[in-house]
Protein chains: 2
Amino acid sequence: MARPRTTPRTVEHPELSEVTLQQALEALADPVRRMVVCQLARAGGEKGCGTFETPVSDSTLTHHFTVLREAGVIRQHYRGTTKLNSLRTAEMEARFPGLLPAVVTAAEAEA
Amino acid sequence: MARPRTTPRTVEHPELSEVTLQQALEALADPVRRMVVCQLARAGGEKGCGTFETPVSDSTLTHHFTVLREAGVIRQHYRGTTKLNSLRTAEMEARFPGLLPAVVTAAEAEA
DNA sequence: TTCATAGTACGACCGCCATCGAACCTTCAG
DNA sequence: CTGAAGGTTCGATGGCGGTCGTACTATGAA
């Protein structure tokens, strides 16, 4: 039977109501993670993990994606071997009004 | 002559243009510093160093004030033996539009 | 002048987090 | 089945930052 030999890869996402301001700020306070967020914002949609420009190794990047995901900033899901990332823009806006736009805008302006 | 025996105590403040987003976010990402900022926002004006409610020692609090000042978030000046603190609200708004209000609002809402 | 109050400077400590490389898992193409 | 590409997991490491206590300085009051 054409069935996966193991469980398909899924990703856990927190409800934004479970995310603290502390988590969100810590997530956004790292320069590499801000690069990721800005590149996502610029892309406007989904973006594969391997398509980001950062100065760190793959394993470190995995760590940063995890932090962003657990902070509710990004959503991730698999398509084949590729993992796609997108911003949880609307949910973040509902939870922390103005925060994400302020950070992205400031980051873009600085670059 | 009624003159101070040593130089009067002054405090250095950065121009907001010299402050990076990194500094601002790091400053705001610490829970104790956010307490300070929120209590200042609530006070609406100046507030002596000793009038803040925090779980840390005086010397640690001094450290946090320094970080906030160097991040351009607060302004400090002496009056007698008291050091007064206030938010650089307008300048922060010009440099990082929306950031400080977003953080303060979220912090108030969480508390 | 002396004392009390307000805050600072300094040094030490400790824990956390960003980072890496190596080994591994999952999926798709041949 | 086999290989290769895309990510992950794991353990180790290193540095930075939050914390404290103690000693100190500055100011104003008695």
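Each chain gets a letter, A, B and so on, in the order the sequences are listed, and its residues count up from 1.
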side-chain contact (heavy atoms from CB on, under 4.5 Å) for B:H13 and B:R69? Distances and angles first, verdict last. CA-CA 7 Å; B:H13 293 86; B:R69 189 183 66 237; 3.5 Å; yes

Given side-chain contact (heavy atoms from CB on, under 4.5 Å), test B:L16 with B:R88 step by step and report yes or no. CA-CA 9 Å; B:L16 263 289; B:R88 298 178 70 177; 3.1 Å; yes

Derivation and outcome, side-chain contact (heavy atoms from CB on, under 4.5 Å), residues A:Q76 and A:C49: CA-CA 9 Å; A:Q76 302 188 287; A:C49 278; 4.2 Å; yes

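Atom CG in B:D58 sits roughly 18 Å away from atom P in D:dC24 (whole-Å rounding). Nucleotide D:dC16 holds its P atom 14 Å from the CD atom of B:Q22, rounded to whole Å. Rounded to whole angstrom, the span from the CD atom of A:E26 across to the C1' atom of C:dC16 amounts to 10 Å. Distance CG (B:L25) to P (D:dG17): 14 Å, rounded to an integer number of Å. Remark: C1' of D:dT8 and CZ of A:R9 are 9 Å apart, rounded to the nearest angstrom.
Rotation axes derived from the C1' atoms of the five outermost pairs at either end of the helix from C:dT1-D:dA30 to C:dG30-D:dC1 lie 20° apart, to the nearest 10°.
One hydrophobic cluster, built from ILVMFWY side chains closer than 4.5 Å, holds both B:L25 and A:V32.
With sequence neighbours left out, the side-chain contact (heavy atoms from CB on, under 4.5 Å) criterion links B:E15 to B:S17, B:E18. Every residue meeting the side-chain contact (heavy atoms from CB on, under 4.5 Å) condition with B:P97, not counting sequence neighbours, appears here in chain and number order: B:E93. The side-chain contact (heavy atoms from CB on, under 4.5 Å) check on B:T60 picks up B:V56, B:S57, B:H64, with sequence neighbours excluded. Residues satisfying the side-chain contact (heavy atoms from CB on, under 4.5 Å) test with B:E12, not counting sequence neighbours, are none. Listed by chain and number, the residues in a side-chain hydrogen bond (donor to acceptor under 3.5 Å, both in side chains) with A:T54 amount to none (sequence neighbours excluded).
Considering only side-chain N and O atoms, A:T60 lies under 4.0 angstrom from the phosphate OP1 or OP2 of C:dC20. Here B:T62 does not reach the OP1 or OP2 of C:dG7: none of its side-chain N or O atoms lies under 4.0 Å away.
Within residues 63-88 of chain B, the residues approached by DNA chain C to less than 4.0 Å at the level of any non-hydrogen atom are B:Y78, B:T81, B:T82, B:K83, in residue-number order. Looking at residues 31-52 of chain A, you'll see A:V32, A:R33 sit with a heavy atom under 4.0 Å from some atom of DNA chain C.
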Taking only nitrogen or oxygen atoms into account, show me every contact under 3.5 Å that the protein makes with nucleotides 11-14 of chain C, one pair per line with its distance.
none

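Sorted by first then second residue, the ring pair (Phe, Tyr, Trp, His ring centres under 6.0 Å) pairs that include residues 30-63 of chain A, not counting sequence neighbours, are A:F52-A:F65.
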Using distance only, find each side-chain donor-acceptor pair of residues 101-111 of chain B under 3.5 Å and give its atom names and separation, not counting sequence neighbours.
| unit_1 | atom_1 | unit_2 | atom_2 | d |
| --- | --- | --- | --- | --- |
| B:T105 | OG1 | B:P101 | O | 2.7 |
| B:E108 | OE1 | B:R42 | NH2 | 2.7 |
| B:E110 | OE2 | A:L21 | N | 2.8 |

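Under the 4.5 angstrom side-chain criterion for Ile, Leu, Val, Met, Phe, Trp and Tyr, the cluster partners of B:V11 are B:Y78.
If you run side chain to side chain donor-acceptor pair (under 3.5 Å) between A:E46 and each of A:R79, A:H77, A:R75, only A:H77 comes through.
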